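Bear in mind the structure is a predicted one, so any value in this text is a computation, not a measurement. Throughout, a chain's letter reflects where its sequence line sits, starting with A, and its residues are numbered from 1.
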There are 2 protein chains.
Amino acid sequence: MVTIRDIAQAAGVSPSTVSRALNDSPLLPDGTKSRIREIARELGYERNELALGLVKGVSRVLGLVVPDIGNPFFGEIARGVSNTAHNSGYSVVLCNTEGDRERERVYATLLRRRRVDGLVLASVKMDDPYVLELARSQTPYVLVSRLSRFVDAPFVVVDDREGGRLAVEHLVRLGHTRIGFIGGPSDVQSSNDRMEACREVLDDHRIDIDETWLRSAEFTQQAGHEAGLEILSGPTRPSALFAANDMIALGVMQAADELGVTIPAELSLVGFNDIAYAAFPRIQLTTVAQPTYDMGCIAAEYLLAVTQHGRKRKLRKFLEPRLVVRNTTAPPGTTSSGTQQTQPRAKRGLRSKKGR
Amino acid sequence: MVTIRDIAQAAGVSPSTVSRALNDSPLLPDGTKSRIREIARELGYERNELALGLVKGVSRVLGLVVPDIGNPFFGEIARGVSNTAHNSGYSVVLCNTEGDRERERVYATLLRRRRVDGLVLASVKMDDPYVLELARSQTPYVLVSRLSRFVDAPFVVVDDREGGRLAVEHLVRLGHTRIGFIGGPSDVQSSNDRMEACREVLDDHRIDIDETWLRSAEFTQQAGHEAGLEILSGPTRPSALFAANDMIALGVMQAADELGVTIPAELSLVGFNDIAYAAFPRIQLTTVAQPTYDMGCIAAEYLLAVTQHGRKRKLRKFLEPRLVVRNTTAPPGTTSSGTQQTQPRAKRGLRSKKGR
DNA sequence: ACCATCGGATCAAACGTTTGTACGCAGTGG
DNA sequence: CCACTGCGTACAAACGTTTGATCCGATGGT
C-alpha cells in the first residue's frame, strides 16, 4: 500500500506537506497542493482511516444494533441509518443480536474497542440492564423504535398512542361498537401504549369493552392465529379487531378465513406497522403505518448531532403514524364485500423523501 | 480512555510487558500475567482496535455491499454474513447502495480506506465494471447471489438452472403443456438461467413454447402485474406461468384476480425465492426456495478463508434450491371447460444458447 | 572461576497519519 | 541595516499498539 511518505519522496517534499496538501490546508500555495495531489492520484494513494482514527481519536463509524436484520422492519431502519450516515461520511457496522442478551453485551464491548463514535440501538428490550451499563460509558447512543424508562437517552420512536387512536377511531367512525384488541407481549411498551389508546378512545365514545375480546400474544402470525380462533369462535363475536401488529393481524385473517367469517363484511380488522406485504392484492390490510425508514434517518441524525457537537437540547422525537385504509375495514354488518372504498396505497411517500 | 501505559504505570512495569500479559504471551510467568490482567480489569481497559489494526495491517472487518437492506432477501444474507463473521471475531460494515452504481464505487474506495479485510458483494449487476476494478485491487472479495462472467472470483449462488428445472418439471408433471415464463431484467444472469432451464425442460418433454407467453419484467409486483395482464388477456392463455421471482408472481396473481382467472384451477403459478410472505394464508404461492441465510454464512466463510490463509482452491458453490409446493399449482383445466386450443407452432431459436 | 544459558523484563522501532512549532528566506518599512 | 512580517516548508511528537532486539541477573555446568 502506498503511504503518505511514498508520495513525499516522489514529490521531493516532507510527509507533513503531503498531508496538508491532501487535506487542502490553507498553509500551502495552490500550486504545490495540486502538484502533490496529482502525484498522489498517479500513485493510487488511499488514505489509511485506521491511522487517521488513531490520531484523531475518532473513527467516523457508527454501530447499529438490531435483533434481526432479516426482518424488514429493522431492515428499513438500517437503510435509513446507513444512508444518512453515509451522507455524512460515516460508516456503520452492523450488529445482529438475534435477540440474544449476551450477544448484545459482547457487541457493545466490541464496538467500544473499535472506538465507534456512537451507537444506534434498535434492539433494546424494555429496561434492558445493559443499556444502563452503556449509559455510563462514554459512547453516545440513541434508542430507536423502543425506549427504556430507566435511562435518559435521545430516542426516536413512533407515537404509539396516536397510532392506536387512529386505528380505533377509524373503527368507531365506521360505526363499530363491539371492538376487540390483540396486544403483543405485555413487557413491550409500544404494545401497551397502543392498548391504552384503544381504551381511551372507547371510553371517550362511551363504548363498553368486553374483556373476553382482549388478548395478549407474541408478535407472530402463529400467535395471532390462535388468538383469532379463540376470539372469533367465542359465544359473542366482536365486529372489529385491532391487532397490535400486522403479523398478528394476518394470523387473525387466517383464523377468520378458516371459520368462514368474511372480512370486512362480518369482521373489520386493523393492523399496525404496514409491512410491505400488507399491501398485497389478496391481503389489503388496513393498518397503521410507521415511518420506519425515517426513524432510521432521524436516529442517525441525532447520533451525529451528539457526537459532533455534544448534546445541546433533549433529542427526542415521537413520529406521527399514519392510518392506511385498505379493504379489511367496513361498517359493521355490511353484506357485500365488493363495495369497498379502496384508498390506493401511498406509494412509499415517506421513503422517497430522504431516500437515496 | 485508559491505555496500555496507564496499566503499565499502575503495575510498575513497561507497556510491552502489559501487552504481552494481555495477549497471553508465553514469555511471561503466569503470576505476572494474571496480576497485570487484574489491574487492567480494574481500570476498565478496552484495547484500541484501531491501533491494533494499524500495527497489524489488518482490521478484522468485513464489508458487506447490498443494494437494499430493507429487502428481506438481502436482509437474510446480511444476517448470515453478520453472524458467521461475528463468530470469528470479525465485524461487518454495512453498505447500502440503493442500486446506485456511483454509490457502489464510493463505498468500494471508502472500504479500502478503512482497510477492511474483505468484501461480500451481493449487489453486483452482471458484469459491473467496478467489480473488475475491485478485482485488480488487493482486497479479497466474494460474490453472493449473483455472479459476473468477467471476473474469476469466489462466489456462492443458488443453482438457478436447477431451480428453473424444479419449477417447470413440477408443472409438466402436473400435466401442463401451455407454459409461459416471465423473466427479470435481461441483464440479470440468474433470471436468464432460470429461463434457459425452463426451455430445456420443455424441450426434453417435446413441448412447444409460445413466444407470446414469454415476457421480461422488472423484479417488482408492479411489473409482474402488467406482464400478467398482457399474457392473460391475450387471445390464447397459458395454463401455467413460471415467474422469475415471487414479486412478479404476486403481480401475476393480482392480474389473474382482476381478470377473474382462478388460481390454480385455470392458471397454475410458480414463483422463485420463497419470500416470507409467499406462505401467507391468502397467498400460498408455490415457489422455489433459496437458502438465503446459508448463502450469507457460506459467503462469509469463504471470505474468511481467503483472508486468513489465502485462497487455496477455487471457492465456488452452487446451492441447491428447493421446490415448495403450496396452493397455486394444480393439474390444468381442473374446472374450466374446453377452451383448450392447440397452439400454433412456436418459432424457436430466436436466441441461441450462450455457453457458460 | 568462567562461560553459556535462560527467565523475566525493558527498549525502541514501527504502523500511517496529523499538527504545533520552528526554521529559512524574501520582502518591507523605518 | 535591523527588525519585523509572512510565506513555504520541514521537524518531530503524538495517537496506542505489537514485537524483535536487548539487557540484566541468577543459575548451572565444566
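Rounding to whole angstrom units, CG of residue B/L28 and C1' of C/dC6 are separated by 15 Å.
Here D/dG16 is the nucleotide among C/dA9, D/dG16, D/dT9 with the atom lying nearest to any side-chain atom of B/V55. Side-chain proximity of B/R5 to the nucleotides D/dT17, C/dA9, D/dT9 is greatest for D/dT17. Nearest nucleotide to the side chain of B/T17, out of D/dA10, C/dA9, C/dG16: C/dA9. Out of D/dA14, D/dG20, D/dT17, the shortest distance to the side chain of B/T3 is found at D/dT17. Taking every side-chain heavy atom of B/S19 into account, D/dT19 is the closest of C/dT17, D/dA10, D/dT19. Among the nucleotides D/dA10, C/dA14, D/dT9, the one closest to any side-chain atom of A/R20 is D/dA10.
Put simply, A/S16 has no side-chain N or O that comes within less than 4.0 Å of OP1 or OP2 on C/dT19. For B/N48, no side-chain nitrogen or oxygen approaches OP1 or OP2 of D/dC15 to under 4.0 Å.
Shown are B/D24, B/T17, B/N23; of these, the side chain to side chain donor-acceptor pair (under 3.5 Å) with B/K33 is made only by B/D24.
Atom CZ of B/R146 sits about 5.5 Å away from atom OG of B/S190, to the nearest 0.5 Å.
Heavy atoms of other residues, nucleotides or ligands lying less than 6.0 angstrom from NZ of A/K317 number 12 at most.
Heavy-atom nearest nucleotides on DNA chain C were determined for B/P26 and for A/A51, and the one closer to the 5' end corresponds to B/P26.
The end-to-end axis angle of the helix from C/dA1-D/dT30 to C/dG30-D/dC1, rounded to 10 degrees and based on five pairs per end, is 70°.
Nucleic acid contact for A/L54: base, since at least one base atom lies under 4.0 Å from a heavy atom of the residue.
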